[in-house]
Amino acid sequence: MSKKALSILMRARMRPNSNSNHSVSPLSLTNAVKQMQRHRNSREGQSAGGASREENSASNDSGSSEREFMHVRASMDSAVSMNKTEFLDDALNNFSEGYFSFSHENRRKLLLLLAREYDLNRSQVCELIKQYLALELPADKAQVSEEEGLFASFYRIERNLRHALKPVYEVLFERLNTHPGGLRFLSILRADILYILTEENIASLRALDSYLHEKLSTWLSPATLELHQITWDDPASLLEKIVAYEAVHPISNLLDLKRRLGIGRRCFGYLHPAIPGEPLIFIEVALLKNIAHSIQDVLEDSPPIPESEATCALFYSISSTQPGLAGINLGKFLIKRVITLVKREMPHISTFATLSPIPGFMQWLLSKLACQKRLAEGDMSQTLTEGSNLTFYEKILKPEEEEALMSLPKDLAMGQTGMETMFNLLTSTSYKWIHSSELVSVLKSPLMRLCARYILQEKKRGKALDSVANFHLQNGACMLIMPNCRLGHIEEYAHSYFSNGEIHASSDLRHYVEIMTGQLLQESYIAEGYDKWFMLVLANVKLYSSLHKEKAQAM
């Protein structure tokens, strides 16, 4: 395809103001097609014979849908039970093609049937467990090595138990995995399962999802994936997918795409031979002299610096293209392989970092401020007597921060306490603080300190509460002013985080966090790092406020 043809194709695909959502389930797309078809049939029925024709059409649609469902169910049953390859391929084709033609309701119905009727045989499992518990271990341990025949019954029942614990639908999954187009179909199948589970929590369907997730994780191991550098010379069909699936910083036009694939930039994706021409996940990298202050510095950096002068590789976007692969951490392996490749090709690159959002910070902060505000408003004498609320009350603002907030002019901020003033500013529907240098200056210190606390100290099940921080820390990041991967320490940091939730961070970041005694760590910090950290925190807070402002205006 010529560049001119590619340009036309890409321009047709790119709509800067588009509201399209690429995470929409295949269920809803199929359902929309079916609705259009029913609408067309209804109109034809009315023109031919009025209301009675419409009723007959609806009745025929219902009967046709039921016959279609039974046909696909029979194909699924054949795909599980058949052994002859030539017939098995036909059964798998009929099953997948029939499934794609289904409405949302029929897909749900078939998936529930698969989860419940093609599960394991629990009666057999219970019987084998009873037999196993009835066996007696030899009293003398010496007999174990001398007469292994004593364990023949153990080995036999354990083998039978392993076989009985495999659900019947495992056969279907295994056969689809080796069938042309089967892996992509399994990904779509799981996307539909996840979509249904967002609407209703069904135990059997959740078990089906867990099993399929396990299988996909095995089949998509790093050994089966090909690392591919995506360039402007790749086929248009591949570049289309980069545009369509970019989930972090949307690509606005053809020039934007070309810049991201050009000098000073890299884009890498994981490809699988069973899904040719489509990256399962891809990451975008900017080569810079130093870590950027903001994403605008990256996206609007034109022209870029000569690559020979770069010392930093900044990972600024990572996107998955398959909703059905959610929870399978391909990004972890992709980042590590890209770091290795970039370091080998460009030894002068010594810093690997990421400009990442902090998606949960504002919700956590507003919740914390609201809770403490309510506790502060309560009758403290009653609190002291009952001792109920003191356990949860804490002064989350330092005295100087409280004083600065309470000293603000009343026309800018209102509140009985510093926490109430801060809460009112951040939740005000006028959002005037965003454009006020005076308000930003006062909010700077508490926002930075509390954000550092949120990242380093707030945990969930022993790991970082923030989802993005958790992702990077699992990959061996050290929390600096920006999440940063230090070569030589990636595996060490990842292991300590995975084992005990330890978060490695630099002294300039830990400066803002209060330790158990309530004292600040007495360490110096770099002014440049101070400004970078605040730019990141402020950008996240402003983004949260802007999104809520747009939502409020749309209502």
Side-chain angles (χ1 to χ4, degrees), residues 358 360-428 432-434 436-459 465-466 479 481 505-538 540-542 544-545:
I358 315 174
F361 171 57
M362 275 298 286
Q363 289 184 345
W364 171 84
L365 176 60
L366 294 179
S367 175
K368 178 69 71 175
L369 287 170
C371 177
Q372 297 305 316
K373 183 169 72 75
R374 285 195 298 270
L375 290 173
E377 289 170 352
D379 185 355
M380 293 307 294
S381 61
Q382 182 181 357
T383 300
L384 289 170
T385 303
E386 296 178 357
S388 56
N389 292 333
L390 275 181
T391 305
F392 305 101
Y393 181 76
E394 61 173 320
K395 292 183 178 180
I396 63 174
L397 294 178
K398 296 174 66 62
E400 58 269 27
E401 295 167 350
E402 175 87 19
E403 182 180 350
L405 284 162
M406 293 305 296
S407 299
L408 287 170
K410 296 303 180 185
D411 61 323
L412 291 179
M414 294 287 289
Q416 298 298 317
T417 65
M419 285 187 293
E420 184 177 356
T421 301
M422 187 174 180
F423 180 83
N424 291 340
L425 282 171
L426 296 177
T427 57
S428 170
K432 60 183 178 182
W433 73 270
I434 292 179
S436 169
S437 58
E438 183 177 359
L439 292 177
V440 168
S441 177
V442 171
L443 289 170
K444 184 174 184 177
S445 174
L447 282 176
M448 292 174 67
R449 184 175 54 80
L450 291 170
C451 191
R453 165 183 165 174
Y454 170 72
I455 290 177
L456 297 181
Q457 293 187 330
E458 298 298 321
K459 302 290 187 71
L465 179 61
D466 187 78
M479 304 305 293
I481 296 303
S506 63
S507 59
D508 54 350
L509 181 56
R510 289 193 180 277
H511 172 84
Y512 304 111
V513 182
E514 294 177 351
I515 57 176
M516 297 296 289
T517 61
Q519 300 297 319
L520 286 175
L521 291 173
Q522 296 302 311
E523 297 179 2
S524 62
Y525 60 92
I526 303 171
E528 180 186 6
Y530 182 93
D531 291 335
K532 285 183 178 180
W533 176 240
F534 182 60
M535 290 294 290
L536 175 64
V537 175
L538 191 60
N540 278 273
V541 176
K542 285 185 176 181
Y544 180 92
S545 300

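This chain uses plain numbering: 1 for the first residue, then up along the sequence.
We find the CE-CG distance between Met406 and Leu397 to be 11.0 Å, quoted to the nearest 0.5 Å. Considering OG of Ser428 and CG of Leu412, their distance stands at 11.0 Å, rounded to 0.5 Å. One finds the CE atom of Met419 at 9.5 Å from the SG atom of Cys371 (value rounded to the nearest 0.5 Å).
A salt bridge (Lys or Arg N to Asp or Glu O under 4.0 Å) check over residues 410-419, counting only residues at least two apart or in different chains, returns nothing.
Shortest non-hydrogen contact noted between Phe361 and Leu447 is CZ-O, 3.8 Å. When all heavy atoms of Phe423 and Ala370 are compared, the pair lying nearest together is CE1-CB, 3.8 Å. Smallest separation of non-hydrogen atoms from Thr421 and Ala413: CG2-CB, 3.6 Å.
Side-chain atoms of Gln457 do not come within 3.5 Å of backbone N or O of Arg453 as any donor-acceptor pair. With hydrogens and angles disregarded, a donor-acceptor distance shorter than 3.5 Å links the side chain of Ser407 to the backbone of Glu403. Under a 3.5 Å cut-off, the side chain of Glu402 and the backbone N or O of Gly418 do form a donor-acceptor pair. The backbone N or O of Met414 sits less than 3.5 Å from a side-chain atom of Asn424, completing a donor-acceptor pair.
Inter-residue side-chain proximity for Leu465 and Trp364 is flagged as met; some heavy-atom pair is nearer than 4.5 Å. Side-chain contact between Glu400 and Ser445 is absent, with no heavy atoms from C-beta onward closer than 4.5 Å. A 4.5 Å side-chain heavy-atom check between Glu401 and Arg449 finds at least one atom pair inside the cut-off.
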Would you please test Tyr454 and Leu365 for side chain to side chain contact (heavy atoms under 4.5 Å, CB included) and show each step?
-> CA-CA 8 Å; Tyr454 170 72; Leu365 176 60; over 6 Å; no
Evaluation steps, side chain to side chain contact (heavy atoms under 4.5 Å, CB included), between Thr417 and Leu405 = CA-CA 8 Å; Thr417 65; Leu405 284 162; over 6 Å; no
What do the steps show when you test Leu425 against Val442 for side chain to side chain contact (heavy atoms under 4.5 Å, CB included), and what is the final call?
-> CA-CA 11 Å; Leu425 282 171; Val442 171; over 6 Å; no
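Only one option out of Leu369, Thr427, Ile396, Leu366 pairs with Met422 in a side-chain contact (heavy atoms from CB on, under 4.5 Å); it is Leu369.
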